[in-house]
Visitor: 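If you scroll down you'll find the structure; I have some questions about it.
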Amino acid sequence: MVALKPASYWKRLDDETPSFVIDGLIHSDATMITGRPKAGKTNLTAAMVSAIANGQPTFLGRKVNTHGTVVVVCTDPGEAKKWGRRAFNYGCVTRVFVASFADVEWDGFIPEVVAVAPALFVFDNILGATTGNSNQGEGASEVLPYLDRVIAKGIPTLALHHAGKDFMNYTPRGPMGHTKYAAWMRHNVDVLKSGDGTLSLAINGNESADVALSVGVTYNGDTLTASYEVLRAQAKEDKRPRGAATKRRRQGLFEEVAGNSTYTNAASKAEVGRLLHTSDPERWPSEQAARVAFDRAAKAVCGVYVNGKGWTLPEAA
């Protein structure tokens with residue numbers, strides 16, 4: 001196995017991969033769903049899995065960018081059977097593959113996963129796979145390097161983990177345990193039961209604005225499958241100081257792209273970055289620099305992509 005690959009390999013992989021499997025919910029690299037026991041992490045994940053496996057266009061009003069099979073590894077006793085039941089009830093039993101962690105030998109299992117080429121790899125859950133102290137690095141080292149090997153094959157990976165606590169009010173604060181967990185994830189969705197049939201989702205990550213969602217949950221005649229709807233969404237304020245000139249510059253870049261037919265079919269920010277770099281390499285010395293600049297511009301104005309119209313503001317979508 002050759003570990004070294006030219007930078008062009010990784011650039012091409014980045015160009016070909018949407019930033020999110022589900023916009024703002026599941027990143028194309030490493031996502032962690034956290035929450036207290038019985039908060040609803042697994043059921044929410046299963047609903048997202050069904051959206052991916054069943055080819056649904058959206059989930060919670062957010063675009064599902066990648067569809068296909070899903071591979072799930074379960075570490076809790078008996079959980080593999082429940083995942084099988086969830087997939088059956090959601091009507092995607094032939095597109096979800098499940099393994100019990102007790103049967104997983106990573107060296108042989110990872111090639112098996114790669115052969116399936118899933119749209120998503122789910123690890124449910126981290127705590128059940130570790131024997132070391134969760135507050136020390138050895139616990140994280142029992143799992144994360146293997147998940148990294150899956151991600152390195154271009155397979156988006158979602159791991160479920162218990163939340164840490166603020167012991168003054170017992171509010172979940174990201175993943176429990178060693179800081180390696182927080183460092184590993186590119187994106188975090190923290191799940192908190194906020195009432196009967198209601199979840200509060202705190203969403204934050206490297207490539208999306210922080211958002212708080214209030215989500216209604218309606219169970220489909222059992223405790224394993226449910227329908228979810230957004231009741232309220234609130235973007236968290238970016239408290240970093242931004243000058244008026246920076247805001248105008250970002251708005252101007254978005255308007256530049258939105259008003260140019262060259263970008264009408266550029267559905268990904270990576271593609272916009274490529275076109276910006278090609279059109280003006282002096283202004284944009286690399287595709288990555290252009291992509292990051294446009295990503296920030298789109299977030300600043302809450303810009304969205306609409307098929308046939310290109311990049312636009314939400315009210316014009």
Visitor: Assess whether a salt bridge exists between Asp295 and Arg291, defined as any Lys/Arg side-chain N lying under 4.0 Å from an Asp/Glu carboxylate O.
Guide: no
Visitor: Just by modelled atom types, is the His161 backbone N or O under 3.5 Å from a matching donor or acceptor in the Asn125 side chain?
Guide: no
Visitor: Give me each pair satisfying ring-ring contact (aromatic ring centres under 6.0 Å, His included) with a member in residues 22-58, each pair once, sequence neighbours excluded.
Guide: Phe20-His27
Visitor: Can you tell me if Ser214 uses its side chain to pair, donor with acceptor, with the backbone of Ala212 under 3.5 Å?
Guide: no
Visitor: With sequence neighbours excluded, what pairs up with Ser279 under the side chain to side chain contact (heavy atoms under 4.5 Å, CB included) test?
Guide: Tyr263
Visitor: Going by ring-ring contact (aromatic ring centres under 6.0 Å, His included), name the pairs with one or both residues in residues 200-228, residues two or more places apart or in two chains.
Guide: none
Visitor: Take atom NZ of Lys82 as the centre, draw a 6.0 Å sphere, and report whether it contains more than 12 heavy atoms from other residues, nucleotides or ligands.
Guide: no
Visitor: According to side chain to side chain contact (heavy atoms under 4.5 Å, CB included), who are the partners of Asn89, at least two apart in sequence or on a separate chain?
Guide: Arg85, Asp222, Thr225
Visitor: For the side chain to side chain contact (heavy atoms under 4.5 Å, CB included) test, which of Val211, Leu60, Ile33, Leu192 pairs with Leu201?
Guide: Leu60
Visitor: Under the side chain to side chain donor-acceptor pair (under 3.5 Å) rule, what pairs show up with a residue in residues 103-112, not counting sequence neighbours?
Guide: Asp107-Arg149
Visitor: Identify, with sequence neighbours excluded, every residue that meets side chain to side chain contact (heavy atoms under 4.5 Å, CB included) alongside Glu229.
Guide: Leu231
Visitor: Which residue, Val150, Val113, Val98, Leu120, forms the side chain to side chain contact (heavy atoms under 4.5 Å, CB included) with Val71?
Guide: Val113
Visitor: Kindly state each residue pair satisfying ring-ring contact (aromatic ring centres under 6.0 Å, His included) with at least one member in residues 282-314, sequence neighbours excluded.
Guide: Phe254-Phe294, Phe294-Trp311, Tyr305-Trp311
Visitor: Any donor and acceptor pair, going by atom type alone, linking the side chain of Asn54 with main-chain N or O of Gln56 inside 3.5 Å?
Guide: no
Visitor: Pairs in or reaching into residues 40-52: which pass side chain to side chain donor-acceptor pair (under 3.5 Å), with residues at least two apart or in two chains?
Guide: Thr42-Asp124, Asn43-Arg86
Visitor: Using the test salt bridge (charged side-chain N to carboxylate O under 4.0 Å, His left out), find all partners of Lys180 that sit at least two apart in sequence or belong to another chain.
Guide: none
Visitor: Of all residues at least two apart in sequence or in a different chain, which pass the salt bridge (charged side-chain N to carboxylate O under 4.0 Å, His left out) check with Arg274?
Guide: Glu271
Visitor: The criterion is salt bridge (charged side-chain N to carboxylate O under 4.0 Å, His left out); which residues satisfy it with Arg232, sequence neighbours excluded?
Guide: none
Visitor: Under the ring-ring contact (aromatic ring centres under 6.0 Å, His included) definition, can you give me all pairs with a residue in residues 47-99, not counting sequence neighbours?
Guide: none
